[in-house]
Every structure is written in C-alpha cells, then in structure tokens.
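Just follow the structure's listing: the first ligand is 1, and inside any ligand the first atom is 1. Everything numeric here is computed off the predicted structure, so don't read it as measured data.
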Amino acid sequence: MTEMLRWSASEALAKLANGEVSSVELTKAVLARVEGRNAEINAYITVSGERALAMAAASDARRKAAKLSGKAAGALEGLPIAVKDLYCTAGIRTTAGSKILDNFVPAYESTVSGKLWDAGAVCVGKLNMDEFAMGGSGENSAYGVARNPWDTTRVPGGSSSGSSAAVADFQCFMATGSDTGGSIRQPASMTGIVGIKPTYGRCSRYGMVAFASSLDQAGAMARTVEDAARMMQVIAGHDPKDSTSSPQAVPDWLGGLDGLNVKGLRIGLPKEYFIDGMDARVRGVIMDAVKKFEAAGAVVKEIRLPSTEFALAAYYIVAPAEAASNLARYDGMRYGLRVEGKNLLETYIKSRSAGFGDEPKRRIMVGNYVLSSGYYDAYYHKAMQVRTLLVREFAAAFEQVDVIMTPTAPNPAFKIGEKVSDPVALYLEDAFTVTVNMAGLPGISVPAGVVEDRGVKLPVGLQIIGRHWDEAGILRVGRAWEKLRGEWSPPQ
Ligand code: GLN
C-alpha cells in the first residue's frame, strides 16, 4: 500500500496545500486501494470512480485558481472521502443498504454531503450499512456483510459498517456515519477508529434516509480526533430544510482542540455501565484509560444513572415505533422497488414483502404493535417516560462532572454469523450507546487499547459523553486521551 494512504486527513490536506501531492494523485491511490480490497472487505456498495476523478481534477484546478487570486482553499479541498449509503447523493444510487432502494438515484443532495462537496471533498463512493441503519454488525445489509480489517472473519460493527471498515482499511480518509442508537460509535470502537455523534440537532437530517427521526444524527468517522473535528466543522450547522436542526452557532472545534488541561477535569464513571459479568478485558482497557487520566490530574467520581437498565428496552420501543412510520413511504408507488399485484393493496404487499429484509420487517411489526391502541400506554408511553428519566439523570450527573466515560460497547468485534440467529443478543451490544441518543447528548468513541480474543488482537473504544452542545468538550478530552495513550497502530 502506498504510504500516502496512511496519512491522516490533516496530513493529506497539508500536503495538498503545499503542492506535494495533487487531489488527482491522491484520489487515484484511494481508488486503487478500493479496487484491490473491496472484494474482500466489501465496504463500498457503490464506487463513484469517474465522478471522483472529475471532482479531484476540478479541485486541483480550483486550488490553482485560488492560489493565483490569493483566495483560501476549501476546508477539505481535494480530500477523498466517502459517505454512508443513506445520504442522498444527486445522481449516485442511494440504497440505504436495502433492496427496496436498489434502483433509487436521488434527484437531490443531502445537506451534510452537499456541505462536504462544497468544502472541496472528493466523493469516492457510497458505503455499506445495515439495511435502513438497523443493526449493529453490518450483517443486515442487502449487499453482503462488510468485514473488519483487524480480522476479516469478524464484523466491523454497525450500522455504519462500511464507513468503519473503509476508514480503518485506508480506503478513504474519512467518512460520514449516522447514529440512531450507536451506529457511529460502536463500529468505530470495533475497528479502532474515532467516531463522533454530535448533539441531536447539530447537523441537518435533510436528505438522510430516515430511521427514527427523534434519534437520528449525522456524524464523522476518521482515524484521529483532529480529523473527526475537521469533518464536524464542515457538516454541522443550522439548515432551514430540517426544523430539528439547531440555530446555535458552530464553535471553532478544530482551533480549540489542543488546549485542554486535564488537571481538575471531572470524569464521571456511571456505576451502571460497569456491571458484574461484563467482559473483563474491555473493563480492564477502559479502567487503564481512566487511571491515566487520573495520573494526569483528572478527578474521577462514581456517578449513578439508575434508569440505564430500562434504556435498551425503551430504545427498542421508540426506535421501531418511529421506523414503522418512516418506512411506510416505501410502497412501490413513486420510487424504489415495485412488484405489480392485481390491485393497489396487493402491489403494496408484494413490493414491501420483496423489498424489505427481515430486520426492517421485524421493526415494522414491533413498531406498529407498540403504537396500537390498547398497547400504546403499556409500551410507547412508558418508553417515553424512561426517556425523560434518562434526560434528567444525565442532567443531574453533569452538575457533578464535566464528561462521562464508559466502554463504547460491551464486547470487542464478534465473528460474522455469531449473533445472526439471536436478534436480542445483537440488541444487547447497544446497551452503552442508546442512552446517549435517548438523551440527545454528544458522544465520541476513541480507540482505547486492544484485547486478545481467540488469538487475534482487537480494538476497544472509550466512549466520552458530554453535555448538550459540548462537542468541544468531548473532542478536547478525546484529543487529550490520544496524547495520554500514545501511538495507535492500525491492523496493517
Ligand atoms: N444497533 C442499533 C439498532 O439496531 C443502532 C442503530 C443505529 O444507530 N442506526 O437500532
């Protein structure tokens, strides 16, 4: 593999800026890597090679012109990146990992991806994912499972499985993910990269295929905290096209990244996230990280988040309820798969039966059940009450501490096929991440260390949770952790 693929995004941007490399050269190197690896890793559903080369050439021309006129280049000028296949990309197929959208070519661009191209980034392609972002392993994709570069017999986490695999495998410099219950942080943890889910409302959801609209949030996946901050800086911000996006100004995250004095930083460790029976190796890696913070002067406090034990159950009511309603639009009428029936109803039934995989079908059934009259109060209403409790408990905890640290996931990457027959076992992997979505808080996963499992080394992520709108805080703590941890060695 050529050395330039190993550069961080920040290094690549610096070299693009000083003319050491052109965007066309960099893009060709990335495309060659993808071509050589996609059969095995399966990170990309669609590679937009021609478009990438045209965008790269345009970027090189723009940079030249900007130099002549003294103008500054875009924040990601010339950088080859990729997007999860649920961001609508005008003219490029967008499947959301589903057969029902196999032939869907959007006529418009999502706000987040549009901002990336406006900043000069080059689109390498669309990344594999669990169907409609439902899953935690990538195995629910209708386009085959993506593989973990640390051990290709294992999953790369999900639902942003292609994003984590591609970034970890040097098949792009950074990628977008989306996170409804952990889909950025958990795959980041399982592939040894950084993944940040910002506060709900920080990024526009316009043009993202919806799963559970009150939880869905865009975010960044990259190999370093600095690179993730770079992407966040571009994609965050208010959008009149999404009424849930916040009008709050976006701070200079990148500029403030390195200033943190760990001395006096108050770190909360929730008792409920360090339970008996959890993977001792994962606990060990996280506690080692916490001890390093302590040695550097941080103050560690045990905190309580008592409703945590209900969070997973509540999430698996709220998310399917919203999914059932969001997925109602796939009826074979205006776009997507259509299987003709004798009449309208039969066309609906045939199209949806053929188009959706098992997991979306399961969620549609659960979602409609918990919303149906007679059951609404027992399930959906109760779940919303739990959600309120989670919000309150986090708010109380943040009166005592500046950030909360937990493992990102209870286990390292598991084997492909190991959990497919047991959906509940897979749901349990989300125990430490869904709480953050339910409360709308920002969270980041940063590689903490490695554990050994059945003879292979696997990464474990440290989750850092912050107050609402305090992405600056978790990015700074994440960056401080990178320094305390030292060099991070990727799988190859
Ligand atoms: N694994 C969780 C689920 O299946 C989270 C998915 C996500 O964040 N998109 O719902």
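Ligand 1 has no N or O atom lying under 3.5 Å from any N or O atom of Phe211, backbone or side chain. In terms of polar-atom proximity, Gly158 is not counted as a contact of ligand 1, lacking any N or O under 3.5 Å from an N or O of the ligand. Between Met134 and ligand 1, no pair of N/O atoms sits closer than 3.5 Å. Geometrically, ligand 1 and Ser183 share a nitrogen or oxygen pair separated by less than 3.5 Å.
Considering all non-hydrogen atoms of both residues, Thr152 and Ile416 come closest at O-CD1, 3.8 Å.
The shortest separation from a heavy atom of Tyr427 to ligand 1 is not under 4.0 Å, leaving the residue out of contact. Residue Arg363 places a heavy atom under 4.0 Å from ligand 1. By the 4.0 Å heavy-atom criterion, Ser159 is counted among the residues contacting ligand 1.
More than 12 heavy-atom neighbours from other residues, nucleotides or ligands sit within 6.0 angstrom of NZ on Lys361. Arg329 CZ: more than 12 foreign heavy atoms inside a 6.0 Å radius. Summarising the local packing, CG of Asp118 is surrounded by more than 12 heavy atoms from other residues, nucleotides or ligands at distances under 6.0 Å.
Heavy atoms of Thr180 found under 4.0 angstrom from ligand 1 belong to the backbone as well as the side chain.
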Steps toward salt bridge (charged side-chain N to carboxylate O under 4.0 Å, His left out) verdict (Asp279, Arg281): CA-CA 5 Å; Asp279 188 310; Arg281 299 161 305 174; 2.6 Å; yes
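Every atom of ligand 1 is numbered from 1 in the order shown, and the set under 4.0 Å from a heavy atom of Tyr315 is 2 (C), 3 (C), 5 (C), 6 (C), 10 (O). Counting atoms of ligand 1 from 1 in the listed order, those under 4.0 Å from a heavy atom of Gly181 are 5 (C), 7 (C), 8 (O). Applying the 4.0 Å criterion to heavy atoms of Gly135 picks out, from ligand 1, the atoms 1 (N), 2 (C), 3 (C), 4 (O), 6 (C). Less than 4.0 angstrom separates some heavy atom of Tyr316 from each of these atoms of ligand 1: 1 (N), 2 (C), 3 (C), 4 (O), 10 (O). Interface atoms of ligand 1 facing Ala133, defined by a heavy-atom separation under 4.0 Å, are 6 (C), 7 (C), 9 (N).
Ion pairing between a basic and an acidic side chain is recognised when a charged N comes within 4.0 Å of a carboxylate O; Asp102 and Arg93 show such pairing.
Under the rule for a ring pair (Phe, Tyr, Trp, His ring centres under 6.0 Å), the partners of Tyr273 that lie at least two apart in sequence or sit in another chain are Phe432.
With hydrogens left out, the protein atom closest to atom 2 (C) of ligand 1 is Asp430 OD2, 3.1 Å, a heavy atom.
Figure legend: Lys99 and Tyr143 shown as a cation-pi pair, the cationic atom lying under 6.0 angstrom from the six-membered ring centre and within 45 degrees of its axis.
Sorted by first then second residue, the ring-ring contact (aromatic ring centres under 6.0 Å, His included) pairs that include residues 202-227, not counting sequence neighbours, are Tyr108-Tyr206.
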